[in-house]
Amino acid sequence: MTEPAQSPRREPDPAVVDAGDGDGRGIYWVLKNLVVGPPVKRIFRPNVLGAENIPATGAAIIASNHLSYADWIFMPLALRRRVTFVAKSDYFTGAGIKGRFQRGFFKGTGQVPIDRSGGSASEGAMRAGMKVLERGELFGIYPEGTRSHDGRLYKGRTGVARLALEAKVPVIPCGVIGTDVVAPPGKVVASFASPTVKFGEPLDFSRYEGMESDRLILRAVTDEIMYKIMELSGQEYLDMYATKAKALEGRAVTGAPDRVRKTDT
């Protein structure tokens, strides 16, 4: 009798392995309350408004504008609860002492790895976000998908809407102001100005329950979130994806033809 054929072993999704166990809490607490948090607050004196809009318990999405790499430092420091974001998988795969330190740092500060080199990056982010929300925690997301290169607020990707509808959780808009002055692109710290972090009232989209596959609904929900972020941040809004705006600006400088990818339209 022949042995039954075994199905091939399926490799675990790197986007959800580290998102599913909520590890690194000890490192997070130490960094936030002893190592990073106190000196950052003392030096920069960030202003926080609307922190009472963050629920003390339960799952929620915090959707923020994105001006600087420093956003993921100042926004979590404004809250008592831990906020989990997604980050490039490269930060979790380094070798040697530096690699181990980097991996521990990003896991400890609430990051989960996402491989952004393939077409499934957005699906990986969705699965990671669902894991975090299923644990009843806060998941942070930047709907623009990338940092603003000129300080304006750009069109949001609809993943935030789909995640909110599928997870059935509220979305808390967040407007971060001045982090691009503190740490503009290409600089670690350029100014000791005080940034401001504003949290708006939770947005309830339960009226759209069961409609997470409707593209028009997803766009409407995303636009509502972006409008609230715009009100909080005071930014000029441009109805264009940030990736397209960056590409067009680069082509204007080089004189290259204005060709854009379908995903940027």
Side-chain angles (χ1 to χ4, degrees), residues 31-32 36-37 39-41 43-51 53-54 61-79 83-88 91 105-106 109-111 114 116 125 129 138-161 171-200 203 222-250 252-253 264:
L31 290 172
K32 181 177 179 179
V36 177
V40 167
K41 289 182 177 180
I43 294 171
F44 295 97
R45 299 185 181 278
N47 303 301
V48 180
L49 301 172
N53 290 318
I54 305 297
I61 296 170
I62 300 180
S64 175
N65 60 327
H66 198 13
L67 295 172
S68 165
Y69 82 88
D71 295 337
W72 66 265
I73 297 177
F74 287 106
M75 192 258 269
L77 282 180
L79 304 175
V83 184
T84 298
F85 296 88
V86 293
K88 292 188 296 184
Y91 294 140
F105 177 82
F106 277 92
T109 52
Q111 316 293 304
I114 289 294
R116 297 180 180 177
L138 299 176
F139 184 68
I141 191 170
Y142 300 113
E144 293 169 277
T146 186
R147 287 179 296 178
S148 172
H149 64 290
D150 59 7
R152 291 187 290 185
L153 183 69
Y154 285 91
K155 187 176 182 178
R157 304 281 180 175
T158 58
V160 61
V171 177
I172 301 164
C174 174
V176 180
I177 304 168
T179 53
D180 53 338
V181 176
V182 173
K187 293 185 180 295
V188 178
V189 174
S191 170
F192 292 109
S194 298
T196 297
V197 183
K198 295 182 179 180
F199 297 100
L203 303 175
T222 303
D223 288 347
E224 182 176 340
I225 294 170
M226 299 309 294
Y227 182 80
K228 293 298 183 181
I229 293 175
M230 180 188 69
E231 287 187 321
L232 292 167
S233 69
Q235 292 169 276
E236 176 187 351
Y237 178 77
L238 188 64
D239 191 27
M240 177 188 296
Y241 290 124
T243 49
K244 178 181 178 181
K246 289 181 181 179
L248 291 176
E249 182 174 293
V253 172
D264 288 335

From OG (Ser68) to CD1 (Ile73), nearest 0.5 Å = 8.0 Å
Close side-chain approach of Glu224 and Val171, heavy atoms under 4.5 Å = no
With side chains defined as the heavy atoms from C-beta onward, is the minimum distance between Asp150 and Glu236 less than 4.5 Å?
-> no
Can any side-chain N or O of Asp180 pair as donor or acceptor with the backbone N or O of Leu67 at less than 3.5 Å?
-> no
What distance separates Ile172 CD1 from Leu79 CG, expressed to the nearest 0.5 Å?
-> 8.5 Å
pair Lys32-Leu77: side-chain heavy atoms closer than 4.5 Å | yes
Pair Asp71-Thr179, side-chain donor/acceptor within less than 3.5 Å | yes
Test item: Thr146 and Lys246 side chains (from C-beta on) under 4.5 Å apart, heavy atoms | yes
Where is the tightest heavy-atom contact between Ala190 and Pro184, given as atom of each residue plus distance?
-> CB-CD, 3.5 Å
Might you point out which heavy atoms bring Leu232 and Lys198 nearest each other, and give the distance in Å?
-> O-CD, 3.2 Å
With a 4.5 Å limit on heavy-atom distance, are the side chains of Pro173 and Leu203 in contact?
-> yes
Is there a side-chain contact between His66 and Trp72, using heavy atoms and a 4.5 Å cut-off?
-> no
Least distance between heavy atoms, Tyr237 atom then Met226 atom = CE1-CB, 4.4 Å
Please report the closest heavy-atom contact between Met75 and Ser64, naming both atoms and the distance.
-> CE-CB, 4.4 Å
Side-chain donor/acceptor of Glu144 to backbone N/O of Leu153, under 3.5 Å | no
Show your reasoning for whether side-chain contact (heavy atoms from CB on, under 4.5 Å) applies to Val48 and Phe74.
-> CA-CA 9 Å; Val48 180; Phe74 287 106; over 6 Å; no
Would you confirm whether Ser194, through its side chain, and Pro46, through its main-chain N or O, come within 3.5 Å as a donor-acceptor pair?
-> no
Looking only at non-hydrogen atoms, find the nearest pair between Val181 and Ala193 and report the distance.
-> CG1-CB, 4.3 Å
Kindly indicate whether the side chain of Val86, heavy atoms from C-beta on, has any atom under 4.5 Å from the side chain of Phe139.
-> yes
Do Pro76 and Phe85 come within less than 4.5 Å of each other through their side chains, counting heavy atoms only?
-> yes
Exam field: side chain Thr196 to backbone Ile177, donor-acceptor pair closer than 3.5 Å | no
What is the distance from atom CG of Leu138 to atom CD1 of Ile62, rounded to the nearest 0.5 Å?
-> 4.5 Å
What closest approach, in Å, do Pro143 and Ile229 show between heavy atoms, and which atom pair accounts for it?
-> CG-CD1, 4.4 Å
Looking at Tyr69, does the NZ or CZ of Arg147 lie under 6.0 angstrom from its six-membered ring centre and within 45 degrees of the ring axis?
-> no
